[in-house]
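In what follows, every chain begins at residue 1, and chains take the letters A, B, ... in the order their sequences are listed.
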Amino acid sequence: MEPLDELRKQRLDKLNKILEINQTAYAYTFAQTDFAQDIIEQFDTRGEGFHVAVSGRLMSIRRMGKASFGHIMDKTGRIQIYLKQDKTGESAYTLFKLLDIGDFIGICGNVFRTKTGEITIVCESIELLAKTLRPLPVVKEKIEDDEKIIYDQFSDKELRYRQRYVDLIVNPDVKNVFIARSRIISVMRRYLENQGFIEVETPVLQSIYGGAFARPFITHHNALDVDLYLRIADELYLKRLIVGGFDGVFEIAKDFRNEGMDRDHNPEFTMMELYVAYQDYQYMMDLVEDMIRSICQEVFNNTKISYQGQILDFAKPWTRIGFFESIKMETGEDCYGKDEKELRKIIDKLKIEIDPSASKANMLDTIFSEFVEPKLFHPTFICDYPVELSPLAKKHRKKAGLVERFEGYAGGKELCNAFSELNDPIDQRERFENQAALRAEGDEEAMVIDEDYLRALEYGMPPTAGLGIGVDRLVMLLTNASSIRDVILFPHMRPEKS
RNA sequence: GAGGGUGUAGCUCAGUUAGGUAGAGCAACGGCCUUUUAAGCCGUGGGUCCUGGGUUCGAUCCCCAGCACCCUCACCA
């Protein structure tokens, strides 16, 4: 017998014994009237002896013959419980002796403070609500000089991600991250609704994918016998809705990109995309600043956020700097308007290595990532990108060769991407054709021509500002997480061998 | 994709200095205990030492290959 099976068998044996004295080990309801944290907080005002009914998991047990202590954990935290046989009666106490760490119980009793000072519920009755069959990792903690010392923390990252349910039970901070995530998205949604924008849903399964540079996941529709792609972005569908007369739409949803995985990338991730008619990218910068400030204020009650040891201040306006200006500032080189030969000279001078066949866009992108990106810790908008990097953005109204586009960076991460949307169908067709040419040369991430999208543009799209925010990265930043896996409940993992 | 690291009991980890089938704490099980708190006291059980090959009389340890996870870099809008 496997050792784990032995532990399970012991629990199954207890389950059978429980069933002999109790009708069931899996109750239907429990009339919960109180929560651990409230009881502790209200102890001083309510005084000793008030009656409570709490339910949750049994997280520790200290048995001493006919009396026992333990802790029960509900959604608010842990509270100590105390049972003594002459209070609960013999059969209830016998039931308690058959319980394990992890079991769900409901108890009724009165609150008091033990002589060592811990607020505790002395049980009058106890009900088993659900028996566990697997042992939970036992995490112990001690408070010393207001410092929490944790012993035997459940820390195996692989197990934590694969069995997130266990991680959530025994590592309370993990739960807090996901509560924060939920609130961030909720505040974001409410903020956008308050601005008058409408939340919509667009297809996940698409016969032509677009809106970003990425390789897609491919799936198959049996009844139609066609291959379909999982969307890599919502962009082109949302802009069709602007054509259709919605003046402000947004979608918070999963995108899928068939690429590598690392601390900033999960194959499926959450994106918020927003499109607003009659506005441009300047408007979007203001909106991003204001929205993120609101999120910080409402969720954390603070616009200063600590990320990886540094402070980000979202109360202040973000730094706004041009793409080429930022390069000039960090390297001293002015790359604007330079042709491929001149750029190559600059690259040699800067002593970085780039594939000799690299395109102009590619070289600029590399210089930027090498010299500017690592410096972008404080919230910054990088504005006005080369047109080659942005086939869906509108040409800059003043600067030749650029588009009206910005990316928002904070904490060294790219957080959002926005532009004045290209609404000239002829220009858009040319851009798509350039992409098709790149694709023909083997660039698998180049965009595919979307004829229906061009048809929509030919019906006329008003001036429009568009924005995409990587929700997972925003959550990472605001919860001080260093890996995207820490803000996704079930991050993608290689299949477990059976 | 490249380099590095890790993989030993349910959990957290030692260890085999130099190859002889392994230990601790917690959890579990048994006994004693009616105010204990990271662990009450005493005792017991529990291991495919990631997998597969090789070397060897003998491998958890050495060698080769593989798998999973972590870290760094590359890729990645």
- Message: Say we look at B/G31 and B/G47: how far apart would their P atoms be, to the nearest angstrom?
- Response: 22 Å
Once you apply a heavy-atom cut-off of 4.0 Å, does [X] come out as touching a base, just sugar-phosphate, or nothing?
X	value
A/K140	sugar-phosphate
A/R494	sugar-phosphate
A/Q153	sugar-phosphate
A/K148	nothing
A/R263	sugar-phosphate
A/S155	sugar-phosphate
A/Q80	base
A/R63	base
A/Y82	base

Could you state the [atom1]-[atom2] distance from [X] to [N], rounded to the nearest angstrom?
X	N	atom1	atom2	answer
A/D167	B/C11	CG	C1'	13 Å
A/E141	B/A39	CD	P	10 Å
A/I150	B/C26	CD1	C1'	15 Å

- Decide if the gap between the ring center of A/F69 and the ring center of A/Y82 is smaller than 6.0 angstrom. yes
- Task: Report yes or no: does A/D280 contribute a side-chain atom to a donor-acceptor pair with the main-chain N or O of A/Y283 at less than 3.5 Å?
- Result: yes
- Is B/C69 paired to anything, Watson-Crick or G-U wobble with both distances less than 3.5 Å, and if yes, which nucleotide? B/G5
- Task: Just name whichever nucleotide pairs with B/A39, Watson-Crick or G-U, keeping both distances under 3.5 Å, else none.
- Result: none
- Message: Any residue in residues 158-165 of chain A with a heavy atom nearer than 4.0 angstrom to RNA chain B? Just list them by number, or reply none.
- Response: A/E158, A/L159, A/Y161, A/R162
- Message: Below 4.0 angstrom, which residues in residues 110-119 of chain A have at least one non-hydrogen atom near RNA chain B?
- Response: A/F112, A/T114, A/K115, A/T116, A/E118
- Message: For a quick check, tell me whether the side chain of A/D262 and the base of B/C75 share a donor-acceptor pair closer than 3.5 Å.
- Response: yes
Heteroatom pairs (N/O) under 3.5 angstrom, protein to nucleotides 3-5 of chain B:
none

- Message: For A/R215, is the CZ atom crowded, meaning more than 12 foreign heavy atoms sit under 6.0 Å from it?
- Response: no
- Task: Give a yes/no on whether any side-chain N or O of A/R485 is located under 4.0 angstrom from OP1 or OP2 of B/C70.
- Result: yes
